[in-house]
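A quick write-up on the structure given underneath.
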Amino acid sequence: MNSIILQAVARFFMPVQLLFSVFLLLRGHNAPGGGFAAGLVVAAALALHAIAFSPAATRQLMRVEPVTVAGVGLLIALSSGTIGLFGGEPYLTGEWLDFSVLSVKFGTPFLFDVGVYLLVIGMAAGVLLSLMEVRS
Amino acid sequence: MNRRAVFSGLARAAAPLALAAYFAAELADIGDGARGFSYEWVPALGIEFALRLDGLSLLFAVLISGIGALVFMYSASYMSHHAARGRFYILLYLFMGAMLGLVLADNLITLIVFWELTSITSYGLISLESQRESARSAALQALFVTGAGGLALLAGFVLLGQAAGTYQISELVAGGSLADDDLYLPILALVLLGAFTKSAQVPFHFWLPNAMEAPTPVSAYLHSATMVKAGVYLLARLMPVLGDSDEWFYAVSGIGAATMLTGAVLALAQTDLKRILAYSTLSILGSLVFLLGIGTHDTVVAAMVLLVAHACYKAALFLAAGIIDHETGTRDIRELGGLMRAMPVTAACVILAGLSMAGIPVMFGFIAKESVYEALLHADRLETLLLGAAVLANLLMVAVALILIIQPFFGPKRAFDRHVHEADVWMLAGPVVLCFASVLLTFMPARVDSSLFGDATGQITGEFAAKVSLWHGFNTALALSGLTAGLGLAAYLSRNHLATVLSRGASGAVSPEQSYNRIMTALAKAAESITKLIQNGYLRLYFSVLLAAAVLLIAGTGLAKSDFALPDFSPAPRIEELGVALVTLAGALMAVGARSRIIAIIGLGLAGYGVALVYAMFGAPDLAMTQILVETLTVLLLLFAFYRLPRFAVYSRIGTRARDALLSIAAGTTISILLLTTLTVDQDRTLSQRLSEISKPEAYGSNVVNVILVDFRALDTLGEITVLAAAAVGIISLLRMRRRRSGE
């Protein structure tokens with residue numbers, strides 16, 4: 001689509017959306033938000049970019065293949081559970097760091113959430129971009 | 001010779017060699033004892049991962065690791081140019097591990113896990129040259145037959161565990177015979193089914209000759225020396241529990257005898273070296289089962305001796321056949337001849353191994369045959385019949401052995417399309433060592449008596465003694481051996497005549513393999529017709545079936561138990577709640593009544609946003625947020641998916657629309673009533689209260705919803721995201737295929 005208005009809006013809005021998604025990710029543990037919602041916000045941002053410009057431009061912006069992003073996310077989520085194993089605890093035991101940065105505590109559940117975040121981004125972006133690129 | 005491949009192949013033989021050395025060292029002091037360990041797996045069901053080394057398992061372990069080491073050494077050279085050798089080595093290692101696990105297992109469930117693992121690795125190895133259709137179908141056939149047997153075996157084991165109260169094999173054996181138990185016959189039938197399919201007994205024998213599609217090292221290792229003996233091992237191991245009854249005697253020795261004779265007879269008619277060996281293996285497997293069926297102490301000893309003797313000579317013969325194939329390029333015995341001068345070492349190995357097979361003195365096979373005759377002479381019943389069957393089978397084996405020895409090496413010299421020379425030392429090592437072992441075992445009676453065979457037999461019969469020696473004096477057994485040899489020679493000389501008789505007789509019968517093929521075709525046809533009916537490709541059919549089934553189950557249960565109840569609708573809804581409800585309703589109506597797809601999708605989106613507002617109004621902000629986001633993306637996805645489709649060209653007929661309306665209304669009403677009913681039920685909120693309480697202190701999060709998702713119930717989330725990832729990969733792949741096809 002070649003609407004200048006949409007392109008301008010997209011250029012403006014995308015950074016805000018991305019920032020918002022990180023915000024949602026970080027606050028998820030203590031207030032509404034979390035990995036799923038944050039990932040979907042990024043997906044929405046990418047969708048906006050793809051509609052305003054073109055799917056090819058969005059792929060170039062992403063630099064990495066969406067499936068790769070999803071795979072990395074899954075890997076992070078899976079391995080976040082193994083950290084507990086080193087302490088002799090069962091898989092997926094939550095281990096936390098002692099300090100907190102700006103009232104956000106970091107630990108394996110957060111890592112898990114990051115994995116979910118990346119997976120949702122990769123999945124949604126991948127499906128969306130593939131659908132948009134289909135020629136009739 | 002691909003030098004680097006050979007050396008790396010040899011390095012791989014190091015582990016099996018080490019294992020073989022370990023097990024061989026254990027031989028001296030295992031005695032009548034045992035050692036092992038067990039690890040609790042599912043304590044509630046009595047399932048443990050338990051391994052136990054005793055006389056019987058040690059015998060097998062030595063064979064498995066020893067012959068394994070030789071096969072690895074052989075493969076280093078034989079497979080050095082093979083394209084799939086990486087996969088080959090991995091599968092061979094896995095197989096060896098699985099086979100060792102099988103014989104060392106002390107828990108029935110542990111055993112069956114390894115049992116199935118051997119079937120799977122065998123499948124991979126038979127179909128190694130997967131570009132060949134014959135290899136693939138042979139592998140599938142083997143997997144199907146042994147897999148079906150494995151299923152029966154599992155059922156039998158569960159029943160056995162129930163009847164005896166324990167799954168530990170050592171405890172089962174100590175508990176004595178279950179022949180009087182009510183469940184004895186089903187258990188026996190199922191366990192025998194498992195053992196017979198694995199050890200290729202009649203009528204499940206047809207997969208073994210076809211398994212010769214595998215590379216020769218695999219045939220030598222799996223399908224002659226180890227995997228096919230797993231059924232024999234099982235019968236031996238469970239004999240104290242299931243043996244000692246008429247059913248066992250007639251079933252096991254009957255099937256064993258049938259296999260013994262079938263294999264021997266069919267071996268004569270073969271022309272492919274490997275198939276000759278396969279059918280003769282079949283015959284020996286039949287003999288082993290036959291002996292275990294009779295079940296006296298002597299027959300068990302004889303079975304153990306025969307097992308070892310056969311493993312040695314058959315593996316040697318297979319490896320030698322591989323050498324001949326490798327060097328001359330053919331396995332057809334009609335095309336082989338005069339190889340004595342070109343391949344003297346191979347010839348020597350084949351001669352020695354063949355003599356062992358024929359049961360000629362000085363080779364260990366002779367001792368094995370003698371033990372069999374001795375044991376049968378002292379059998380409790382049907383002595384003459386048993387002896388007759390044994391002699392018949394053995395004389396045919398002599399004939400086959402003579403064919404193998406004389407034809408390729410002393411027959412008329414043939415022309416080959418390449419220069420034939422002796423194989424390299426790594427390929428020869430295997431057969432030479434095995435023949436050497438055959439001779440060595442003959443001349444080590446004392447050591448071999450008690451430590452190898454006595455300990456093994458003792459685990460089965462309780463008597464830890466075995467008399468195994470070369471010379472027993474001039475007795476009936478010796479006379480029988482002589483008779484067998486003589487008749488065998490006669491059979492060899494008249495083999496062509498015999499072959500014609502056989503082929504004439506066999507043409508009319510329906511072979512088990514034909515039955516297998518017919519069953520497979522019928523299964524495929526049935527599956528096809530069911531799929532055509534239920535999965536005709538239209539999403540609306542799947543959806544309707546799902547909805548209808550759900551409605552029937554829920555409504556049916558609810559009405560039958562009069563469980564449905566409506567809450568009292570107080571307090572009255574507020575104006576904003578009514579508004580949201582109306583908006584949602586409007587969206588739904590828009591979706592249903594739309595004349596274009598885009599409007600329908602927007603209608604759905606509107607309904608979705610309405611639901612999100614409901615979530616927001618009733619205190620579920622996370623849910624509302626996610627719902628809005630998902631709804632937006634879904635609308636986008638649907639728009640892009642449907643954008644390319646043409647406008648609605650055909651609208652459904654009134655009848656179809658009425659039917660769909662009926663189903664939808666029924667489904668909606670049922671779910672609504674179900675939801676309303678849940679409001680009347682006393683809800684136990686202890687779990688959600690507890691989770692909310694510990695959310696902040698123990699999980700450092702105030703948002704209990706998110707804490708549940710990523711901490712308390714992280715495993716569920718893990719499963720969900722894996723499914724998402726799989727679905728995404730599927731969708732993207734399908735779309736990419738479409739792009740590629742439309743010529744992108």
Side-chain angles (χ1 to χ4, degrees), chain A residues 24 27-41 43-44 47-48 50-51 55 65-67 70-71 73-74 77-78 80-81 91-94 96 100 104-116 119-120 122-136, chain B residues 616 620-646 695-696 698-707 709-715 717-718 720-722 724-736 738-739 742-744:
Chain A
L24 278 180
R27 93 198 285 250
H29 225 53
N30 294 312
F36 277 115
L40 289 171
V41 170
L48 180 59
I51 296 174
E65 283 265 346
V67 184
L74 195 57
L78 278 167
S80 73
Y91 183 61
L92 283 175
T93 305
W96 294 89
S100 60
V104 178
K105 231 176 180 316
F106 291 104
T108 52
F110 177 73
L111 210 60
F112 189 82
D113 220 3
V114 169
V116 171
L119 180 115
V120 172
M123 192 212 110
V127 172
L128 204 65
L129 290 174
S130 299
L131 263 178
M132 287 175 74
E133 285 164 344
V134 170
R135 290 222 193 115
S136 58
Chain B
D622 276 277
L623 214 50
M625 195 186 313
T626 313
Q627 173 75 4
I628 292 178
L629 288 166
V630 169
E631 201 57 50
T632 316
L633 281 168
T634 309
V635 167
L636 272 176
L637 280 172
L638 282 174
L639 277 174
F640 280 116
F642 285 108
Y643 183 57
R644 316 284 176 189
L645 292 173
S695 167
K696 184 67 184 182
E698 292 185 35
Y700 306 109
S702 322
N703 182 2
V704 66
V705 173
N706 188 268
V707 169
L709 272 179
V710 301
D711 202 340
F712 295 148
R713 293 276 197 240
L715 194 60
T717 313
L718 194 60
E720 283 160 24
I721 59 177
T722 314
L724 272 183
V729 170
I731 296 173
I732 295 174
S733 310
L734 280 172
L735 290 171
R736 198 174 289 175
R738 196 183 182 288
R739 278 214 326 259
S742 62
E744 270 245 329

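To find a chain, count down the sequence lines: A is the first, B the second, and so on, and within it residues start at 1. Predicted model only: the values in this text are computed from it and were never measured.
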Could you tell me the separation between the [atom1] atom of [X] and the [atom2] atom of [Y], rounded to the nearest 0.5 Å?
X	Y	atom1	atom2	value
B:N706	A:D113	CG	CG	5.0 Å
B:L718	A:S80	CG	OG	7.5 Å
B:M625	A:L40	CE	CG	11.0 Å
B:E698	A:W96	CD	CH2	12.0 Å

Measure [X] against the heavy atoms of chain A and call it side chain, backbone, both or neither at under 4.5 Å.
X	result
B:S695	neither
B:V729	side chain
B:V630	both
B:T632	neither
B:L639	neither

| With only heavy atoms counted, which part of A:Y91 is less than 4.5 Å from chain B, the side chain, the backbone, both or neither? |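 The side chain, not the backbone.
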| message | One pair to check against side-chain contact (heavy atoms from CB on, under 4.5 Å): A:N30 and B:Y700. What are the steps and the verdict? | response | CA-CA 8 Å; A:N30 294 312; B:Y700 306 109; over 6 Å; no
| field | Top contributor to chain B interface from A:G35, A:A77, A:P109 [non-hydrogen pairs under 4.5 Å] | value |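 Ranked by contacts with chain B, first place is A:P109.
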| message | Out of A:G126, A:A43, A:A70, A:G33, return the one with the most heavy atom pairs under 4.5 angstrom to chain B. | response |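 When all of A:G126, A:A43, A:A70, A:G33 are compared, A:G33 has the most.
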Could you report the tightest heavy-atom contact between [X] and [Y], atom names first, then the distance?
X	Y	answer
B:I732	A:S130	CG2-OG, 3.7 Å
A:L119	B:A725	CD1-CB, 3.7 Å
B:L735	A:L131	CD1-N, 3.7 Å

| request: Using a 4.5 Å cut-off on heavy atoms from C-beta on, say whether the side chain of A:F112 contacts that of B:T717. | output: yes
| message | Just so I know, are the side chains of B:L636 and A:I51 near enough to count as touching, which here means a heavy-atom distance under 4.5 Å? | response | yes
| task | Before giving the answer on side-chain contact (heavy atoms from CB on, under 4.5 Å), spell out for A:L129 and B:F640 the whole-Å C-alpha distance, their side-chain angles and the decisive distance to 0.1 Å. | result | CA-CA 10 Å; A:L129 290 174; B:F640 280 116; over 6 Å; no
| said: Using modelled atom types and a 3.5 Å cut-off, is there a donor and acceptor pairing between side-chain atoms of A:H29 and backbone atoms of B:A699? | reply: yes
| query | So, does B:N703 use its side chain to make a donor-acceptor pair with the main chain of A:G28 at under 3.5 Å? | reply | yes
| request: Go through B:L724, B:I731, B:T626 and name the one with the most non-hydrogen pairs under 4.5 angstrom from chain A. | output: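 Max contact count across the listed options: B:L724.
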